[in-house]
Amino acid sequence: MSLVRSAELSAKAYGNPNLYSFKGSSTGSGFSTQILRSDKRNIMYMTESYCSEINDPKYLVDSPTEELIHPPSSGISGRPFHPQGTASYQLITDSVSSMTPEGSFFESDYLECESPDQIDYNEDKMRLKLQELERALLDDNDDDDDQSMEIDADWADPIGNELLHDSPKESSSSDSNLSSISSNKEVSLIPTRTTKQLLFDCAAALAEGNIDGASAMISELRQKVSIQGDPPQRIAAYMVEGLAARMAFSGKCLYKALKCKEPPSLDRLSAMQILFEVCPCFRFGLTAANGAITETFKDEKRVHIVDFEINQGSQYILLLQSLAEQPGKKPHIRLTGVDDPDSIQRAVGGLKVIGQRLENLAEDLNLSFEFQAVASKTSNVTPGMLNCKPGEALVVNFAFQLHHMPDESVSTVNQRDQLLRMVKSLNPKLVTIVEQDMHTNTAPFFPRFVEAYNYYSSMFDSLDATLPRDSQDRVNVERQCLARDIVNIVACEGEERVERYEAAGKWRARMMMAGFTSCPMSQNVSDTVRKLIREYSERYTAKEEMGALHFGWEDKSLIFASAWR
């Protein structure tokens with residue numbers, strides 16, 4: 001620490017043989033003394049810690065204190081350093097100079113100053129003394145009994161600017177010490193961020209356009225995550241890739257790449273079907289919808305079910321099994337499955353495989369069943385393509401399908417509401433909806449990211465309770481189903497973002513605007529679902545609200561099912 005600075009001094013200043021000493025408030029952390037030299041015209045600034053006792057009269061002059069003195073502005077060209085704002089200068093007698101650094105001030109052998117003309121100036125000796133003083137001051141920090149000299153981070157720059165640079169060695173030492181103190185303090189104030197906090201900070205940085213900061217955090221995150229670790233590590237592994245894809249504008253490509261490359265076969269289940277089988281909340285939603293559909297079959301001879309995204313037919317395996325257990329005569333069931341022509345199943349007759357599996361199951365259960373496929377995008381389906389027949393009770397099922405339809409926030413052509421109005425025109429006896437209970441449709445990026453993280457964290461937790469962490473089926477389910485949705489939600493915008501979930505309240509509003517009326521779930525359906533919940537785990541919950549059943553993990557609503565007519 002350099003403690004010397006040259007300054008011009010007026011002749012008036014030399015006329016006072018006393019020492020000027022800085023006196024701040026009782027909470028100050030520095031004490032500055034000017035030593036006046038007539039031959040060199042130098043002022044040496046010496047900083048020392050001092051405690052509140054500095055205001056004690058025993059440290060001041062025995063004689064009456066002189067009036068407050070300010071050094072004349074014409075006398076000093078260099079501005080003295082004032083750590084605590086406005087400072088007062090008070091005269092101190094020579095008796096103070098006998099105190100040692102341990103007593104809060106300086107040694108008497110180089111502070112005696114009866115008269116400026118009597119000082120025998122030795123520059124080398126003075127510099128040596130200053131260096132010894134510096135070491136003594138800095139060593140005080142290790143003594144718990146004495147007041148230590150603490151340099152706050154806010155003071156580091158002013159102090160550095162005020163210190164003299166006569167000696168390159170001293171200046172370098174000072175800058176190094178100050179830098180070290182400031183750096184150590186900053187490090188101690190920054191807590192270690194968890195993976196979740198780091199993910200949120202990264203998403204916030206991207207939302208603010210801070211690409212460099214986000215890139216650095218992505219690199220750090222990739223060292224902390226694993227697709228085979230615990231649930232927080234697994235979800236973070238996929239969410240960080242979603243952030244990276246968003247930054248690289250490659251979300252659409254990654255979304256397609258995560259899709260299953262192989263269609264299901266008669267002896268092999270798809271990842272989506274495994275998800276429906278092992279993730280309880282999906283099973284709860286499908287069971288509730290099936291319960292409402294089965295009750296509609298009563299007193300009906302022929303039933304026509306239209307499904308706009310039949311997927312692997314998992315829901316109807318459960319439906320046929322449940323129907324076979326019902327007493328009485330069973331109706332004839334015709335199932336129409338809409339097949340997206342972009343689906344990988346389409347190229348290899350995927351719907352034919354699904355239909356064959358369901359027909360074989362119905363035959364084993366002694367049920368009358370037929371299946372027909374409609375090869376069309378959902379948005380292009382017309383009433384004539386569904387081949388509805390008189391005398392059939394029409395049931396329309398939307399299981400995890402409606403959120404794929406773009407609405408008014410994406411295009412002036414509101415396909416979501418158009419589809420609902422078209423279905424209403426068919427005068428169905430029942431419409432069932434099963435959807436994820438979350439809001440990622442119109443939410444801005446950062447709130448959408450937080451919503452997705454909280455929602456899928458519960459999904460990964462529920463999988464952790466049903467499948468081993470090293471299960472290949474679990475890895476496939478998380479990668480091809482959950483991770484795929486996560487990437488689309490996080491990395492894509494506009495028409496490329498097709499995973500546009502809405503909360504249950506929004507779906508209710510849409511259904512009512514399309515002309516539908518809510519149908520409360522029967523007590524029998526509610527009891528069936530709650531029984532299934534108890535079989536899985538007491539941690540799952542079920543609640544009813546305005547004709548809909550909500551299912552969640554530890555009171556977090558994940559899936560809801562509702563019935564309309």
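Atoms considered below: every heavy atom in the structure, side chains included; atoms not considered: hydrogens, waters and symmetry mates. What you are looking at is a predicted structure, and each value in this text was computed from that prediction instead of being measured.
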For residues [X] and [Y], report the shortest heavy-atom separation together with the two atoms involved.
X    : Y    : value
R497 : C492 : CD-O, 3.2 Å
E544 : L549 : CG-CD2, 2.9 Å
F516 : V423 : CZ-CG1, 4.2 Å
T466 : V278 : OG1-O, 3.2 Å
V525 : G291 : CG2-C, 3.7 Å
M385 : V381 : SD-CA, 3.8 Å

Any chance you could measure [X], atom [atom1], to [Y], atom [atom2], to the nearest 0.5 Å?
X    : Y    : atom1 : atom2 : result
I274 : D473 : CD1   : CG    : 4.0 Å
Q228 : R474 : CD    : CZ    : 10.0 Å
F297 : S322 : CZ    : OG    : 9.5 Å
L198 : T192 : CG    : OG1   : 11.0 Å
R234 : S457 : CZ    : OG    : 13.0 Å
L199 : L243 : CG    : CG    : 6.5 Å

If you draw a 6.0 Å radius around [atom1] in [X], do more than 12 non-hydrogen atoms from other residues or ligands fall strictly inside?
X    : atom1 : answer
E363 : CD    : no
K556 : NZ    : yes
M513 : CE    : no
E535 : CD    : yes

Check for a donor-acceptor pair, side chain of [X] on one end and backbone N or O of [Y] on the other, with a separation under 3.5 Å.
X    : Y    : result
T296 : A292 : yes
S518 : M546 : yes
N454 : V450 : yes
R500 : H404 : no
K330 : G328 : yes
D437 : A504 : yes
T194 : Q197 : yes
E408 : V413 : no
E392 : K301 : no
S471 : L467 : no

Verify the distance criterion only: is there a donor paired with an acceptor across the side chains of [X] and [Y] at less than 3.5 Å?
X    : Y    : answer
D485 : Y501 : yes
Q523 : D527 : yes
Q415 : D407 : no
T294 : Q326 : no

- Task: Would you mind telling me which of P280, C279, S458 makes a side-chain contact (heavy atoms from CB on, under 4.5 Å) with L558?
- Result: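 Exactly one option meets the side-chain contact (heavy atoms from CB on, under 4.5 Å) with L558, and it is S458.
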- Start with the C-alpha distance between L275 and L482, add both sets of side-chain angles, then the distance that settles side chain to side chain contact (heavy atoms under 4.5 Å, CB included), and finish with yes or no. CA-CA 9 Å; L275 177 64; L482 304 185; 4.2 Å; yes
Counting C-beta onward and ignoring hydrogens, is there a side-chain heavy-atom pair between [X] and [Y] closer than 4.5 Å?
X    : Y    : answer
W564 : T432 : no
S526 : V529 : no
L206 : M247 : yes
M438 : Y456 : yes
F369 : L335 : yes
Y238 : I227 : yes
M511 : V431 : yes
L358 : N360 : no

- Query: So S522 and E295, side-chain hydrogen bond (donor to acceptor under 3.5 Å, both in side chains) or not? Walk me through it.
  - Reply: CA-CA 9 Å; S522 70; E295 291 188 344; 2.6 Å; yes
- Query: Can R283 be said to sit on top of Y536's aromatic six-ring, NZ or CZ under 6.0 Å from centre and within 45° of the ring axis?
  - Reply: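 Not flagged: R283 not positioned over aromatic ring of Y536.
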- Task: Validate the cation-pi geometry between R246 and F445: distance from NZ or CZ to the six-membered ring centre under 6.0 Å, angle to the ring axis within 45°.
- Result: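 Relative to the ring axis of F445, which defines the angle, R246 lies inside both limits.
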- Begin with the C-alpha distance, continue with both residues' side-chain angles, and end with the deciding distance and a verdict on ring pair (Phe, Tyr, Trp, His ring centres under 6.0 Å) for F400 and F276. CA-CA 11 Å; F400 309 107; F276 287 165; 5.6 Å; yes
- Short N-O contact, E545 and R508, less than 4.0 angstrom: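 Counted as a salt bridge, because a side-chain N and a carboxylate O are separated by less than 4.0 Å.
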- Name all pairs fulfilling the salt bridge (Lys or Arg N to Asp or Glu O under 4.0 Å) condition that reach into residues 413-429, sequence neighbours left out, sorted by first residue then second.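 Passing the test, one end in residues 413-429: E300-K429, R416-E502, D417-R510.
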- Apply side-chain hydrogen bond (donor to acceptor under 3.5 Å, both in side chains) to Q233 and T195, showing your working. CA-CA 8 Å; Q233 286 180 315; T195 302; over 6 Å; no
- Query: Is there a side-chain hydrogen bond (donor to acceptor under 3.5 Å, both in side chains) between T336 and Q372 once you walk through the steps?
  - Reply: CA-CA 5 Å; T336 297; Q372 71 173 17; 2.6 Å; yes
- Task: Before giving the answer on salt bridge (charged side-chain N to carboxylate O under 4.0 Å, His left out), spell out for E499 and R448 the whole-Å C-alpha distance, their side-chain angles and the decisive distance to 0.1 Å.
- Result: CA-CA 12 Å; E499 306 295 340; R448 186 168 79 237; over 6 Å; no
- Query: Can Y316 and N397 be said to form a side-chain hydrogen bond (donor to acceptor under 3.5 Å, both in side chains), step by step?
  - Reply: CA-CA 11 Å; Y316 299 102; N397 182 59; 3.3 Å; yes
Show me the side-chain donor-acceptor pairs of residues 213-220 shorter than 3.5 Å, one per line, residues at least two apart or across chains.
residue	atom	partner	partner atom	Å
S219	OG	S215	O	3.2
E220	OE2	K224	NZ	3.3

- Message: For F200 and Y453, take the angle between the two ring planes, folded into 0 to 90°, and tell me which bin it lands in: parallel under 30, tilted 30 to 60, perpendicular over 60.
- Response: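 Judged by the thresholds at 30° and 60°, the geometry between F200 and Y453 is perpendicular.
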- Return the orientation label for the F551 and F284 ring planes: parallel under 30°, perpendicular over 60°, tilted otherwise.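 Because their plane-to-plane angle lies in the 30° to 60° range, the rings of F551 and F284 count as tilted.
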- Message: Walk me through whether R484 and N488 qualify under side chain to side chain contact (heavy atoms under 4.5 Å, CB included).
- Response: CA-CA 6 Å; R484 191 167 186 262; N488 189 258; over 6 Å; no
